[in-house]
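Structure first, commentary second.
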Amino acid sequence: MQWAAAHREPVGVQSTGHGADLPMEGGLLLTTGRMQELEVDPRHRVARIGAGVRWRRVIDEVAPHGLAVLNGSASDAGAVGYTLGGGLPVLGRVFGFAADHLRGLDVVTPDGRLRHVDARHEPELFALLRGGKGNLGVVTSMTLGLVRLEQLYGGGIFYPGRDALEVLSAFSRWAPGLPESASTSVALRWMPHDPIVPEQLNHQLLVHLRFCWVGGAAEGAAALEPMREVSRPLLDAVGPMDYRDIDRVHMDATRPGLYVLTGEFLRDFDAAAVAALLQRAGPGSGCPLPEVGIRLMGGAFARSDGMADAVSGRDAAFFLEMIGWLAPHVAAATPPALAEILRAMAPWSTGRAFVNMHGVPGGETEHARAWSEDVYARLVKAKALYDPDNLLRFQHVVGQGG
Ligand SMILES: Cc1cc2nc3c(=O)[nH]c(=O)nc-3n(C[C@H](O)[C@H](O)[C@H](O)COP(=O)(O)OP(=O)(O)OC[C@H]3O[C@@H](n4cnc5c(N)ncnc54)[C@H](O)[C@@H]3O)c2cc1C
């Protein structure tokens, strides 16, 4: 960073490549993959995690102590990159955003200085790094609180695509009434023709319900029961589970690929929203996107610990998330399909996006939607202070470079 600052050379940062949405031309690419520091202190429920560590390693390391981290739907993602973007976890309704559990960061700011920031040291920089992503520095390691997790009941249910209206309508009525112990989402998924996909799920549109209950199996099953009665599932894989198997809940792609992830927070997901979504992404719509989903927000997502942060979505009831392929044969169809669904869902939108899932968003006005107006103004001010030459520009950048 000191060399880059002296030469005014722009800098990109990459850990796993899972969030490599924007092309980079010129400049210096810092890869953090070899920064594999991982120290776990189970007694104080805290871990120090290097910039190159993926969630999978941390999950496996802390699980024997009855502890867990707040990773998202794919444990192959980098722990630091994900957490800097707020981190919307599978168990977020119980434990909140991953960034809520950050205790401190070691960060190299674009002037080449290594700083330790936390609630007492440079609190504004710390606050803005919790959800502001990589705009203000390159993080070398983070100190993260771990959560106690004794029992978990969860997994996924696949329904046939032809029952999409029944399943999504039932979800829209059932999900808002769930207690905080339950986290859930539902997605329309076009399953590829692939020998690794079980026979009964191969090459068709499916509806995938994901469900996690932090607590006993009997209570979890009772909460899920209404959704089990909606339609005849092709596969019901919900049961008592070990947190090490958390990837089975979303069954996401496990390796970085040629796709874009984007979305929008919603105030509501009512019957009219179900109809609007199905018209664009349901059976017979010809939608080219492999996945269009709705996650339930609320619960602990809505609470902050009283410390300022840069996480968005606390006021949302749901999150609309979409994946689009960028492989050559579908690349041209993907952006218009994403834009059409966002337009159709605009009446239910809070107007805010989530920086971790806001791929290829265009110019500054669009970038700014990943934060509240107040947070965005603070991020722009801090960017001018810490990165006046916009060295960290190959990403979801704030300010004039956006
Ligand atoms: C299959 C899949 C599922 C996902 N599910 C979720 C989910 O459930 N919830 C959620 O919140 N997100 C989710 N994401 C999004 C994911 O959190 C982002 O893509 C995140 O940026 C991945 O971080 P990375 O370090 O692995 O990626 P990289 O591509 O290596 O980095 C992406 C960006 O992160 C920033 N960054 C990374 N490391 C550093 C660092 N050391 N210092 C400063 N900035 C850094 C930079 O801006 C960089 O451009 C998912 C992504 C995928 C591909």
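Counting starts at 1 for both ligands and their atoms, following the listed order. Values below: every heavy atom of this structure, side chains too, minus hydrogens, waters and symmetry copies. No experiment lies behind these values; they were computed from the predicted model shown.
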Quiz item: Of Thr83, Ile246, Thr16, which meets side chain to side chain contact (heavy atoms under 4.5 Å, CB included) against Trp55?
Solution: Thr83

Quiz item: Pick one: which of Tyr82, Phe301, Phe319 meets ring pair (Phe, Tyr, Trp, His ring centres under 6.0 Å) with Phe97?
Solution: Phe301

Quiz item: If you measure from each non-hydrogen atom of Leu261 to ligand 1, which part falls under 4.0 Å: side chain, backbone, both or neither?
Solution: side chain

Quiz item: Does the side chain of Thr184 reach to within under 4.5 Å of the side chain of Met227, using non-hydrogen atoms?
Solution: no

Practice problem: Heavy-atom distances under 4.0 Å are what count here, so tell me which part of Gln395 touches ligand 1: side chain, backbone, both or neither. | Solution: side chain

Quiz item: Hey, is Leu84 touching ligand 1 through its side chain, its backbone, both or neither, going by heavy atoms under 4.0 Å?
Solution: side chain

Practice problem: Could you tell me the residue and atom name of the protein heavy atom closest to atom 21 (O) of ligand 1, and the distance to it rounded to 0.1 Å? | Solution: Lys133 NZ, 2.7 Å

Quiz item: Contact between Pro89 and ligand 1, counting heavy atoms under 4.0 Å?
Solution: no

Quiz item: Heavy-atom contacts under 4.0 Å between Val80 and ligand 1: side chain, backbone, both, or neither?
Solution: side chain

Exercise. Record the part of Asp252 in heavy-atom contact with ligand 1 below 4.0 Å; permitted values are side chain, backbone, both and neither.
Key: side chain

Quiz item: Does the side chain of Phe394 reach to within under 4.5 Å of the side chain of Gln14, using non-hydrogen atoms?
Solution: no

Exercise. Starting from atom 24 (P) of ligand 1, locate the nearest protein heavy atom and write down its residue, its atom name and how far away it is, to 0.1 Å.
Key: Thr16 OG1, 3.4 Å

Exercise. Return a yes/no value for Val138: is any of its N or O atoms, backbone included, closer than 3.5 angstrom to an N or O of ligand 1?
Key: no

Quiz item: Mind checking whether Arg295 has a heavy atom under 4.0 Å from ligand 1?
Solution: yes

Quiz item: Can you tell which part of His396 has a heavy atom less than 4.0 Å from ligand 1: side chain, backbone, both or neither?
Solution: neither

Practice problem: Begin from the C-alpha positions of Arg378 and Asp374 and carry the test side-chain contact (heavy atoms from CB on, under 4.5 Å) through to its verdict. | Solution: CA-CA 6 Å; Arg378 284 164 52 209; Asp374 163 54; 3.7 Å; yes

Quiz item: Tell me, which protein residue and heavy-atom name are nearest atom 5 (N) of ligand 1, and how many Å apart are they?
Solution: Ser73 OG, 2.8 Å

Quiz prompt | Test: Arg56 and Asp247 ion pair at under 4.0 Å | solution = yes

Exercise. Check each heavy atom of Ala51 against ligand 1 and say whether those closer than 4.0 Å belong to the side chain, the backbone, both or neither.
Key: side chain

Quiz item: If you measure from the Lys or Arg side-chain nitrogens to the Asp or Glu carboxylate oxygens, is any gap between Lys383 and Glu364 under 4.0 Å?
Solution: no

Quiz prompt | Top protein contact for atom 39 (C) of ligand 1, by heavy-atom distance | solution = Val13 CG1, 3.8 Å

Practice problem: Would you please determine whether Ala20 falls within less than 4.0 Å of ligand 1 on a heavy-atom basis? | Solution: yes

Quiz prompt | Shortest heavy-atom approach to atom 32 (C) of ligand 1 - which of Gly86, Gly85, Gly19, Ser75 | solution = Gly19

